[in-house]
Protein chains: 2
Amino acid sequence: MLSQKAKYALRALLMLAERPPGTMVLAAEIAERQKVPRKFLELILLELKRDGLLVSQRGRNGGYCLARAPAGISFGQVVRLLDGPLAPLPCASVTAYRRCADCHDEHGCHIRLVMRRVRDSMAAILDNATLADALAGRVGDELLEDA
Amino acid sequence: MLSQKAKYALRALLMLAERPPGTMVLAAEIAERQKVPRKFLELILLELKRDGLLVSQRGRNGGYCLARAPAGISFGQVVRLLDGPLAPLPCASVTAYRRCADCHDEHGCHIRLVMRRVRDSMAAILDNATLADALAGRVGDELLEDA
DNA sequence: GTTATTCCCTACTAAACCTGTCGACTTTAT
DNA sequence: ATAAAGTCGACAGGTTTAGTAGGGAATAAC
């Protein structure tokens, strides 16, 4: 399950992606428009900034904007940053592999093999979906008709 | 992330699937062999039984066995039962749809569309992978060679 | 250089959830 | 009767989630 944090982060990023590149937007404005508690949002924006997805400007006329073009930011990066690895099990993770303590012969573990497939397909979708794709209505391979 | 409960449940079911159909196995034996706390496992087995995946026999010579053939029990059923809907967001769920309270115009929500694709691909894998498939080494479309 | 604005940072909290544990009760075979 | 086994409710300790609170630091405008 996606956390509120990740959901809020995606909303904020999508909102920023709609603006002309370099436009500074106030945290307060994002909070109001996206209906996210202001202080909570600040924590999230800060995390996104630390990870290099956002650029910020302090003081008057400050705010946040994307650090790269919307086509350069994927859902996968955002979800991993805020919610951790995609894989349903640590032993099925590629980016954050960890052995199951109680699993003898991991190599033949059927559960792991299935979960590995799940993680691969999640990664294929999320790492491939960028903010630009979302705004353009491109979801996966198909282009969405009107609505 | 898969809960311990779901992981233990899958382990127990796979173990039962290896036995000849109808063989009663003690909760205590499953617990020991799969290294799962006994009392905790009992809760899980009970839940599996209530959902019709297991059959139990009380008293002496009692135990648990699968209620159906291993080919009739999918990973998806088990995961949904113990961990809830597959979808990363309630608004992207098929089996347990719930509107996002703070989402105006859900219809055009880009986040939802992406998460819907994630849930579809998870469901395709998990609902298609049965206990029998796992034991046979069938994972998805390909058959696994030795190792 | 003062002031208003805006992001930055740390600490805290209340509630929920996860992972079990405990103890008693019921059913059943011997 | 007795012992073996599943059934059930309550609870507890730790972790995570979803925020809140309050100030500190940088910057622009005046």
Side-chain angles (χ1 to χ4, degrees), chain A residues 1-12 16 23-67 79 81-85 88-90 98 100-102, chain B residues 1-12 16 23-32 34-67 79 81-85 88-90 100-102:
Chain A
M1 184 72 93
L2 210 66
S3 70
Q4 289 286 90
K5 264 187 164 174
K7 200 171 77 176
Y8 291 163
L10 287 170
R11 282 213 203 132
L16 290 175
T23 318
M24 283 295 177
V25 183
L26 297 184
E29 185 187 345
I30 303 176
E32 189 189 2
R33 296 269 307 262
Q34 304 296 328
K35 295 186 190 157
V36 176
R38 184 160 174 277
K39 279 301 212 175
F40 192 39
L41 179 66
E42 284 187 2
L43 296 183
I44 297 164
L45 294 174
L46 196 51
E47 212 163 339
L48 293 172
K49 187 211 148 181
R50 287 213 188 93
D51 200 55
L53 296 179
L54 292 182
V55 166
S56 65
Q57 169 76 14
R58 307 227 270 201
R60 199 149 204 178
N61 303 334
Y64 293 91
C65 69
L66 296 185
V79 172
L81 174 63
L82 293 159
D83 285 359
L89 291 176
R98 261 184 35 235
C100 286
D102 52 358
Chain B
M1 184 71 94
L2 209 67
S3 69
Q4 289 287 90
K5 264 187 165 176
K7 202 171 76 176
Y8 291 162
L10 288 170
R11 282 213 204 131
L16 291 175
T23 318
M24 284 294 178
V25 183
L26 296 185
E29 185 187 345
I30 303 177
E32 189 190 2
Q34 304 297 328
K35 294 185 190 160
V36 176
R38 183 160 175 276
K39 278 303 211 175
F40 193 39
L41 179 67
E42 285 186 0
L43 296 183
I44 297 164
L45 294 174
L46 196 50
E47 214 164 337
L48 292 173
K49 186 212 149 181
R50 289 213 187 93
D51 201 55
L53 297 179
L54 292 183
V55 167
S56 67
Q57 170 75 15
R58 307 227 269 200
R60 204 151 198 178
N61 303 334
Y64 294 89
C65 69
L66 295 185
V79 172
L81 174 63
L82 293 159
D83 285 359
L89 290 177
C100 287
D102 52 358

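Each chain gets a letter, A, B and so on, in the order the sequences are listed, and its residues count up from 1. Atoms considered below: every heavy atom in the structure, side chains included; atoms not considered: hydrogens, waters and symmetry mates.
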- Query: Above 12 or not: heavy atoms from other molecules or residues under 6.0 Å from CD of B:Glu32?
  - Reply: no
Taking atom [atom2] of [N] as reference, at what distance in whole Å does atom [atom1] of [X] sit?
X: B:Ile44; N: D:dG6; atom1: CD1; atom2: C1'; result: 15 Å
X: B:Met1; N: C:dT19; atom1: CE; atom2: C1'; result: 15 Å
X: B:Ile30; N: D:dG6; atom1: CD1; atom2: P; result: 8 Å
X: A:Asp83; N: D:dT17; atom1: CG; atom2: P; result: 7 Å

- Message: Using a 4.0 Å heavy-atom cut-off, does A:Leu45 contact any base of the nucleic acid, only the sugar-phosphate backbone, or nothing at all?
- Response: nothing
- Query: Touch check for B:Ala28, heavy atoms < 4.0 angstrom, all strands: base, sugar-phosphate only, or nothing?
  - Reply: nothing
- Please test B:Leu82 against B:Glu47 for side chain to side chain contact (heavy atoms under 4.5 Å, CB included), starting from the C-alpha separation and ending with a verdict. CA-CA 8 Å; B:Leu82 293 159; B:Glu47 214 164 337; 3.7 Å; yes
- Task: Quick one, give me the B/S/- string for nucleotides 19-30 of chain D, reading 5' to 3', where B means a protein heavy atom under 4.0 Å from the base and S means that only happens at the primed atoms, P, OP1 or OP2.
- Result: BB-BB-SBBSS-
- Item | Close side-chain approach of B:Val25 and B:Leu16, heavy atoms under 4.5 Å | yes
Table please: side-chain donor-acceptor pairs of residues 3-12 of chain A below 3.5 Å, with sequence neighbours left out.
from    : atom 1 : to       : atom 2 : distance (Å)
A:Ser3  : OG     : A:Lys5   : N      : 3.4
A:Ser3  : OG     : A:Ala6   : N      : 3.1
A:Ser3  : OG     : A:Asp83  : OD1    : 2.5
A:Ser3  : OG     : A:Asp83  : OD2    : 3.4
A:Gln4  : OE1    : A:Lys7   : NZ     : 3.4
A:Gln4  : NE2    : A:Tyr8   : OH     : 2.8
A:Arg11 : NH1    : A:Gln34  : O      : 2.9
A:Arg11 : NH2    : B:Asp102 : OD1    : 3.0
A:Arg11 : NH2    : B:Asp102 : OD2    : 3.1

- Minimal non-hydrogen separation, B:Lys49 against B:Ser56, with atom names: CD-OG, 3.4 Å
- Charged N-O contact under 4.0 Å between B:Glu42 and B:Lys39: yes
- Rounded to the nearest 0.5 Å, what separation is found between the CG atom of A:Leu89 and the CG atom of B:Leu2? 5.0 Å
- Inter-residue atom distance A:Leu46.CG - A:Tyr64.OH, 0.5 Å rounding: 6.0 Å
Polar atom pairs between nucleotides 12-14 of chain D and protein, under 3.5 Å, N or O only, would you list them?
none

- Message: So, OP1 or OP2 of D:dT17: does either fall under 4.0 Å of a side-chain N or O from A:Lys5?
- Response: no
